[in-house]
Amino acid sequence: MGEIIDNEIESQKFKEAEQRDRTFNGMTAREWTLNSRSVWNDLSSARKKKHLNHGATYPEKLCDRVISMYSKKGDTILDPFLGTGTTIISAINNDRYGIGIELSSQYFNIANQEIQSSINLLRTTTFQVYNGDCEEQLNNIEDAKIQLTLTSPPYADLIHKVVDDRNNRHKNSAFVYENNATTKVYSDLECDLGNMPLEIYKEKVVRIMRKIYSKTKPGGYNVWVVKDFRDIKNKIPYVDLHSAIAECGSKAGFVYHDLIIWDQNEQRSLVLLGYPSVFYVNQNHSYIVVLRRPK
């Protein structure tokens, strides 16, 4: 009886190994199916000090999942808006090579420190990070090297509007003290996407996307995590940023491949918006825009 069970286990292991060899990301059929949900609501994690320093980071669990879905061990992962280094840390922990670019010298140093302190000496994968404007720094990467770009860019000059709104209208609101809102302006540099009006922003994003396209392997992926927003000051109730990002990618040659909803309702408190004259919903979700370079 024991021999039969052992044979079944070995047979299952062989089947899984065969499936992993056949897929571009090393997943079994079961793993492939389980990761195909279009809405993710299980990515909550405790905020670390680096998250509070930056104010706009995503959890390592999100990176782990995206990296496992769209790449395999040994592949190269790029983050052109590195922030505090989460993408590269996840890439290294998942046996990938990481390349990051960060405009701010402050966050570049934080990211470098965080990545170095997270490296297991037994791991053979390495990383490279660059400090500067990603449109220029992408020239340091050889063409068709990247399997997956995973990033969360600044949202045009939204940061300035949020900081102004928080300081002048919502000092004591749930938006600030219950949702741990720590968003801040990252630099005063002209080339910073976070300082640009939306139309200028989109022009620069297209240029960056074209650079990323040339660095991406045929069949490789380009994944941007973004949130739509409102610009009430300029009488724009809804700014469809995720569609704008997809459009910029399409102009650069990428195919709009997929869209995943990152549901954050359980992590964010509801805030009273527009009461009593205009009803607005709370935007407690982000979009994971999946672009792909055609083969």
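The shown structure was predicted, so the numbers you read here are calculated from the model rather than taken from an experiment.
- Look at Lys211 and Asp143 and you find no salt bridge, because none of the NZ, NE, NH1 or NH2 atoms lies under 4.0 Å from a carboxylate O.
- A side-chain donor from one of Ser71 and Arg96 sits under 3.5 Å from a side-chain acceptor of the other.
- Between Phe254 and Trp224, the distance separating the two ring centers is not shorter than 6.0 angstrom.
- Tyr221 pairs by the side chain to side chain donor-acceptor pair (under 3.5 Å) definition with Arg292, not counting sequence neighbours.
- For the side-chain contact (heavy atoms from CB on, under 4.5 Å) test, residues two or more places apart in sequence or in another chain that qualify with Gln128 are Tyr97, Tyr130.
- Between Asp95 and Lys72 there is no salt bridge, since none of the side-chain N atoms of the basic residue sits less than 4.0 Å from a carboxylate O of the acidic one.
- Using modelled atom types and a 3.5 Å distance limit, the side chains of Asn93 and Ser118 yield no donor-acceptor pair.
- The backbone N or O of Gln137 sits less than 3.5 Å from a side-chain atom of Asn140, completing a donor-acceptor pair.
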Show the numbers, then the answer: is there a salt bridge (charged side-chain N to carboxylate O under 4.0 Å, His left out) between Glu135 and Lys204? CA-CA 8 Å; Glu135 188 180 353; Lys204 177 145 177 116; 2.8 Å; yes
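- Here the side chains of Ile146 and Lys217 are not in contact, with every heavy-atom distance at 4.5 Å or above.
- The one candidate from Leu138, Thr216, Asn222, Leu150 that meets the side-chain contact (heavy atoms from CB on, under 4.5 Å) condition with Leu78 is Leu138.
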Walk me through it: do Arg20 and Glu31 pass the test salt bridge (charged side-chain N to carboxylate O under 4.0 Å, His left out)? CA-CA 10 Å; Arg20 291 185 191 282; Glu31 289 167 341; 3.0 Å; yes
